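Have a look at the structure below before the remarks.
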Number of protein chains: 2
Amino acid sequence: MMASVTGTGESVSAASLRRLPSYRQYLKVLQGMGREVVSCSHIGQALKLNPTQVRKDLAVTGIVGRPKVGYETEALIEAIESFLGWNNLNQAFLVGVGSMGTALLGYDQFNHYGLKIVAAFDNNPSLIGQKIHGHEVLSLDKLTDLAARMHVLVGILTVPAQAAQSVANLMIFGGIRAIWNFAPAPIEVPEGMVVQTEDLFSGFAVLSSRLAEVMGIRRKAGVNADANRR
Amino acid sequence: MMASVTGTGESVSAASLRRLPSYRQYLKVLQGMGREVVSCSHIGQALKLNPTQVRKDLAVTGIVGRPKVGYETEALIEAIESFLGWNNLNQAFLVGVGSMGTALLGYDQFNHYGLKIVAAFDNNPSLIGQKIHGHEVLSLDKLTDLAARMHVLVGILTVPAQAAQSVANLMIFGGIRAIWNFAPAPIEVPEGMVVQTEDLFSGFAVLSSRLAEVMGIRRKAGVNADANRR
DNA sequence: TCTATATCGATAAATATATATCGATAAGTT
DNA sequence: AACTTATCGATATATATTTATCGATATAGA
Ligand SMILES: NC(=O)c1ccc[n+]([C@@H]2O[C@H](COP(=O)([O-])OP(=O)(O)OC[C@H]3O[C@@H](n4cnc5c(N)ncnc54)[C@H](O)[C@@H]3O)[C@@H](O)[C@H]2O)c1
Ligand SMILES: NC(=O)c1ccc[n+]([C@@H]2O[C@H](COP(=O)([O-])OP(=O)(O)OC[C@H]3O[C@@H](n4cnc5c(N)ncnc54)[C@H](O)[C@@H]3O)[C@@H](O)[C@H]2O)c1
């Protein structure tokens, strides 16, 4: 479906990438408990994942383990962070200081994810100039210049869906290279840029469907697939 | 494969389920533009998905289309909503009225997703009794009784990771059947319950990795994630 | 009316992802 | 020192998901 970005090298599946943060989270818990080494079987048991899968996922970071023992907890955490680039901070702009934007501005752990929100923007005059969780809200029309001047690479998009593309365009003009998009709308960007769209309700759809299943609610005329054929 | 006779239908792939909300979102845009029919090819082009995949995803809702034409927009929206159970409201409790919890309490579109947050809980005395976005914050120790009394089925978990399991246990005792978990921690629940854990940073890991790629930061391997997908 | 064609619905093929297997090896045990 | 065992790393197999193909059919145009 999608070619490797490097062209020559093998590619890491998005599925593996998405699990890395949960490994790191759990490893930090173990580290806090003073555990110095950990095996894939142990991690797999804790996170309900197949040990082979864990091993394969961790292998992408280049970590090397010891048979009969596992991996050094600290080295593994560092390998994951280094692989994801979370060991040094990227500056980020956030646009849309509403419910979602405010929540993200209030999240005090971004530095653990290699991210530092350095400015917030909105187009609502009554918000501009206010301080939200320590970040002054700036006017949207300052975004492009400021992004270019500060060499900001990451933009966080928390505006309504219908405004998403127009704000994204400002980010693109400002030289931002990666957009973390919380609006449930696809964003068009030029080659060489990254968009990650988070649709919160995609997860909720899974929950809804599974809930309907366990509650025994029939959702479709003829649950039996064969009976449904004409 | 085959649906079981017991009523638990064959389960639809999580991948398909996760795309349904984006179809619905786009269909609503089309509907707002007065478009009465739409084909899989059209949807696929707009959302950058393969038309065959779109067709297969939509088929799970039981919708029937017309060759050469496509599906009726309105019927399709209804089919998706009905399939997900989003056409009638489920009551939900939210626990943890911090940054994230407040954002969710402030989201005014939950009714479009079949969800109505009917009470919010926290264990912080200075929050209890306050009104947040129209929801009074109740003491955590009222949760279990109230959930049972009101037959609440859905719990939204927005507490720190280390508190997640203990709060989940209260939900379980109260008869809640599905937990939408925003804490980056795995939750243990009995058979017959549903947990959907949203790790916001799993998506950010994909972004980080792809950003490192396009910025030419050498790593062990390439990445094959598609920007607007999960 | 007849023909061309876009699209559906079903199925087959291709690709991606997850899991099982197996030899190698480090560390503890006899 | 030899034996046992847990685990790694690599590879093979199994499963899931995505994409291509094909006949059927509704609609538009000749
Ligand atoms: N709040 C949630 O819990 C939640 C949940 C799921 C998805 N989302 C999505 O996140 C996005 C934001 O949601 P929200 O609830 O925070 O909405 P909101 O209405 O509370 O906030 C949106 C903010 O964006 C600003 N804005 C609007 N147009 C703008 C523009 N062109 N330029 C700059 N700023 C602009 C508004 O002034 C407002 O401050 C939406 O796309 C929504 O669908 C939110
Ligand atoms: N805020 C974000 O943007 C964000 C982003 C990603 C993930 N998260 C996750 O969401 C969760 C909440 O994050 P947050 O930023 O809102 O944190 P927060 O500290 O702002 O809020 C947590 C709330 O939970 C309450 N709480 C703590 N222990 C509790 C308990 N045992 N019972 C009931 N209430 C309790 C606290 O009083 C507080 O009000 C965390 O797990 C966090 O990792 C948040």
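Letters A, B, ... mirror the listed sequences (proteins, then strands); counts begin at 1. Quick caveat, the model's predicted, so the values are computed rather than measured.
Distance CD (Gln45(B)) to C1' (dA6(C)): 14 Å, rounded to an integer number of Å. dA12(D) atom P lies 17 Å from atom CZ of Arg55(A), rounded to whole Å. When rounded to the nearest whole Å, the span between CD of Gln53(B) and P of dA16(C) equals 13 Å. Straight-line distance from the CD atom of Glu36(A) to the P atom of dA27(C): 14 Å, rounded to whole Å. We find that CG of Leu58(B) is positioned 14 Å from P of dT7(C), with the value rounded to whole Å. The CD1-C1' distance, from Ile43(B) to dT7(C), rounds to 12 Å in whole Å. Look at CG on Leu49(A): it is 11 Å from C1' on dA18(C), rounded to the nearest Å. Counting to the nearest Å, the P atom of dT19(C) and the CG atom of Asp57(A) are 10 Å from each other.
Under a cut-off of 6.0 angstrom, the local environment of NZ in Lys28(B) is crowded, with over 12 non-hydrogen atoms contributed by other residues, nucleotides or ligands.
The side-chain tip of Arg24(B) points at the ring of Tyr113(B) from less than 6.0 angstrom away and within 45° of straight on.
The minimum heavy-atom distance linking Ala14(B) with Val206(A) is given by the pair O-CG2, 4.2 Å.
Using a 4.0 Å heavy-atom cutoff across all strands shown, Thr52(B) reaches at least one base atom of the nucleic acid. Within 4.0 Å of Ser16(A), counting heavy atoms only, lies no atom of the nucleic acid at all.
Expressed to the nearest 0.5 Å, how far NE2 of His112(A) lies from CG of Leu89(A) amounts to 9.5 Å.
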- Message: side-chain hydrogen bond (donor to acceptor under 3.5 Å, both in side chains), that's the test. Do Asn169(A) and Gln165(A) meet it? Break it down for me.
- Response: CA-CA 6 Å; Asn169(A) 292 343; Gln165(A) 184 65 59; 2.9 Å; yes
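At least one side-chain nitrogen or oxygen of Ser41(A) sits closer than 4.0 Å to the OP1 or OP2 atom of dT7(D).
Between the side chain of Thr158(B) and the backbone N or O of Gly96(B) there is at least one donor-acceptor pair closer than 3.5 Å. Using modelled atom types, no side-chain atom of Ser209(A) and backbone atom of Ala205(A) make a donor-acceptor pair closer than 3.5 Å. At distances below 3.5 Å, at least one donor-acceptor pair connects side-chain atoms of Ser208(A) with backbone N or O atoms of Phe204(A).
Take Glu72(B) and apply the side-chain contact (heavy atoms from CB on, under 4.5 Å) test, not counting sequence neighbours, and it matches Val37(B), Arg66(B), Ala75(B).
Ranked by how close their nearest DNA chain C nucleotide is to the 5' end, Asn50(A) and Lys56(B) are led by Lys56(B).
Within residues 66-77 of chain A, the residues having any heavy atom under 4.0 Å from DNA chain D are, by residue number, Arg66(A), Pro67(A), Lys68(A), Val69(A), Gly70(A), Tyr71(A).
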- Pairing string, 5' to 3', for DNA chain D - Watson-Crick or wobble contacts under 3.5 Å, brackets [ ] where pairs cross, | to another strand: ||||||||||||||||||||||||||||||
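Which of dC8(C), dT17(D), dT19(D) sits closest to the side chain of Ala15(B) comes down to dT17(D).
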